[in-house]
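Scroll down for the structure; my scribbles are underneath it.
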Amino acid sequence: LVLDAGLADGYTWNNGSHNKKIGVYSSGVYQVNSVLQGCYNSDFVSVTVLPRPEINLPEKRYNCGSTQFIAPPGYDTYSWNTGQSTHSIVVDTTGKYILEVGVNGCTSSDSMSIEVETPFELELEHIIKNCEDDSIELDAVKEALHYKWSTGDTTRVIKINVPQTYYVTVSNNVCSSSDYITLESQPKPKFEVNGLTALCENTDDVKYAVVCNDSTTVFSWEVTGKNELTTVTNNVCYINWKKANVDTLYVTGKNSLGCSFTDSIAVIVSPYPIADFSYEQVVNVGYTFKNNSDSAVIQELNKLVPNLYYW
């Protein structure tokens, strides 16, 4: 507030000032003595300085879609930089908002930044299926700042294998949405491979078979090693074991639900022994020796019923 003493040659205020005008910042009685062409005059005024209203808006605010913002109460007037003069306004646009409030003619202002997020709604596939015991990924789909699953996980994608209902809440700063996914497990075929697991090389037409609990299962067979499959008819196969080795026979069965299971057995294919004895090695200890093309025979001498040893 500025007090003006008017036209005069000199001034004396009760605050000690000799200026024509003085600034007033506190309540009180202000008196001035003035002189004009030798004539003296005096006057006073009582001043009451009212306090400015205080207004404190949040520095930053997040809204989920169009939201009503209500200003603090207790003011005579409200004036927004949007042109509105109401206690509350509807905010649907990101930006800076300035509010001026007034009490008894005194005003103050403050501003805030409001970010308006776009509301969203999760629309997840509610039922998904896996093959029993197989892990599967659940995806919350929506790109967002925060994820919270009923499992306690906080990532967009989680890996699970237990059939049950899983809930997820997806949120940004203020907008959020929740949904669920139910996992249903489908059975795998159950079977095991039956057949010889130890034999000699050059053994032909060895049968291997599986008995399965699911008649819709289609089987595929594979041998890894030195030997190969001979004949395959879905759940039965025949193998000619020609070469000595330790091979593995794998059988994978896939049912009509698309679920598969694999079983395997190791097959030891042994070589035939080779007889390599000379006449001198056995005759000196009372035996005779005969080496045939495909076998060897040692005959014990000096016995009515001699023992024969074949290789």
Please check if M112 and V174 belong to a single hydrophobic cluster, counting links between Ile, Leu, Val, Met, Phe, Trp and Tyr side chain heavy atoms closer than 4.5 Å.
-> no

Are the side chain of S135 and the backbone of K159 linked by a donor-acceptor contact shorter than 3.5 Å?
-> no

Take the angle between the ring planes of Y180 and Y167 and call it parallel below 30°, perpendicular above 60°, tilted in between.
-> tilted

Got L122 and V141 here, is their nearest side-chain heavy-atom distance under 4.5 Å?
-> no

Heavy-atom closest contact (Y11 atom, A5 atom, distance) | CD2-CB, 3.6 Å

For P53 against S108, the heavy-atom pair lying closest together = O-OG, 2.5 Å

Quick one: list whatever passes salt bridge (Lys or Arg N to Asp or Glu O under 4.0 Å) with E184, sequence neighbours left out.
-> none

May I ask you to decide if E54's main-chain N or O and Y75's side chain share a donor-acceptor pair within less than 3.5 Å?
-> yes

What are the two closest non-hydrogen atoms of C212 and T217, and how far apart are they?
-> SG-OG1, 3.5 Å

Around Q164, counting heavy atoms of other residues, nucleotides and ligands shown, do more than 12 lie under 6.0 Å from its CD?
-> yes

Neighbour count above 12 (heavy atom, 6.0 Å) for Q31 CD | yes

Atom NZ in K20, atom OG in S34: separation rounded to 0.5 Å?
-> 11.5 Å

Can you give the donor-acceptor pairs under 3.5 Å from side chains of residues 94-107 to other protein atoms, not counting sequence neighbours?
residue : atom : partner : partner atom : Å
T94     : OG1  : V116    : N            : 2.9
Y97     : OH   : T93     : O            : 2.7

To the nearest 0.5 Å, tell me how far I158 CD1 sits from S150 OG.
-> 7.0 Å

Linking I/L/V/M/F/W/Y whenever their side-chain heavy atoms sit closer than 4.5 Å, directly or via other members, would W149 and I136 fall into one cluster?
-> yes

Same apolar cluster (I L V M F W Y, side chains within < 4.5 Å links), L1/V32 | yes

V206 and L196: which non-hydrogen atoms are nearest, and at how many Å?
-> CG1-CD1, 4.1 Å

D139 side chain vs V157 backbone, donor-acceptor pair below 3.5 Å = no

Minimum heavy-atom separation for A144 to V170, with atom names?
-> CB-CG1, 3.2 Å

Quick check: does any side chain N or O of D247 sit under 3.5 Å from a backbone N or O of K226, one acting as donor and the other as acceptor?
-> yes

Working to the nearest 0.5 Å, report the span between CD1 of I114 and NZ of K60.
-> 9.5 Å

Any donor-acceptor N/O pair, T231 side chain to Y238 backbone, under 3.5 Å = no

Derivation of the side chain to side chain donor-acceptor pair (under 3.5 Å) call for T86 and Q84 | CA-CA 6 Å; T86 53; Q84 295 164 284; 4.7 Å; no

Any donor-acceptor N/O pair, D153 side chain to T155 backbone, under 3.5 Å | no

Counterpart residues, side chain to side chain donor-acceptor pair (under 3.5 Å), relative to T182 (two or more places apart) | T165

Passes side-chain contact (heavy atoms from CB on, under 4.5 Å), D179 versus E121? Steps please.
-> CA-CA 9 Å; D179 207 352; E121 185 171 348; over 6 Å; no

Would you say D4's side chain and G6's backbone share a donor-acceptor pair under 3.5 angstrom?
-> yes

Nearest heavy-atom pair of A140 and V168: which atoms, and what distance?
-> CB-CG2, 4.2 Å

Non-hydrogen side-chain atoms of L3 and W13 separated by less than 4.5 Å = yes

Name the atoms and distances for all side-chain donor-acceptor pairs under 3.5 Å in residues 258-269, with sequence neighbours left out.
residue : atom : partner : partner atom : Å
T262    : OG1  : T252    : OG1          : 2.8
D263    : OD2  : V193    : N            : 2.9

Main-chain N/O of E115 paired to R61 side chain as donor or acceptor, under 3.5 Å = no

Would you give the length of the straight line joining atom CD1 of I128 to atom CD1 of I181, rounded to the nearest 0.5 angstrom?
-> 5.5 Å

Cut-off 3.5 Å, no hydrogens considered: what does the side-chain donor-acceptor table look like for residues 198-205, sequence neighbours left out?
residue : atom : partner : partner atom : Å
E201    : OE2  : Y272    : N            : 3.3
T203    : OG1  : C200    : O            : 2.4
D204    : OD1  : K242    : NZ           : 3.1
D204    : OD2  : K242    : NZ           : 3.3

Here the gap from I239 atom CD1 to W221 atom CH2, rounded to the nearest 0.5 Å, amounts to 7.5 Å

Is it true that F44 and V35 fall in one hydrophobic cluster, defined by side-chain heavy atoms closer than 4.5 Å?
-> no

Cluster check L138, V162: I/L/V/M/F/W/Y, side chain < 4.5 angstrom | yes

Check whether more than 12 heavy atoms from other residues, nucleotides or ligands sit under 6.0 Å from atom NZ of K254, and answer yes or no.
-> no

Side chain Y147, main chain K142, donor-acceptor under 3.5 Å = yes

Does any N or O in the side chain of E117 come within less than 3.5 Å of the main-chain N or O of N172, such that one atom is a donor and the other an acceptor?
-> no

For H87, enumerate each residue passing the ring pair (Phe, Tyr, Trp, His ring centres under 6.0 Å) test, keeping only those at least two apart in sequence or located in another chain.
-> Y78

Greater than 12 external heavy atoms within 6.0 Å of K207's NZ | no

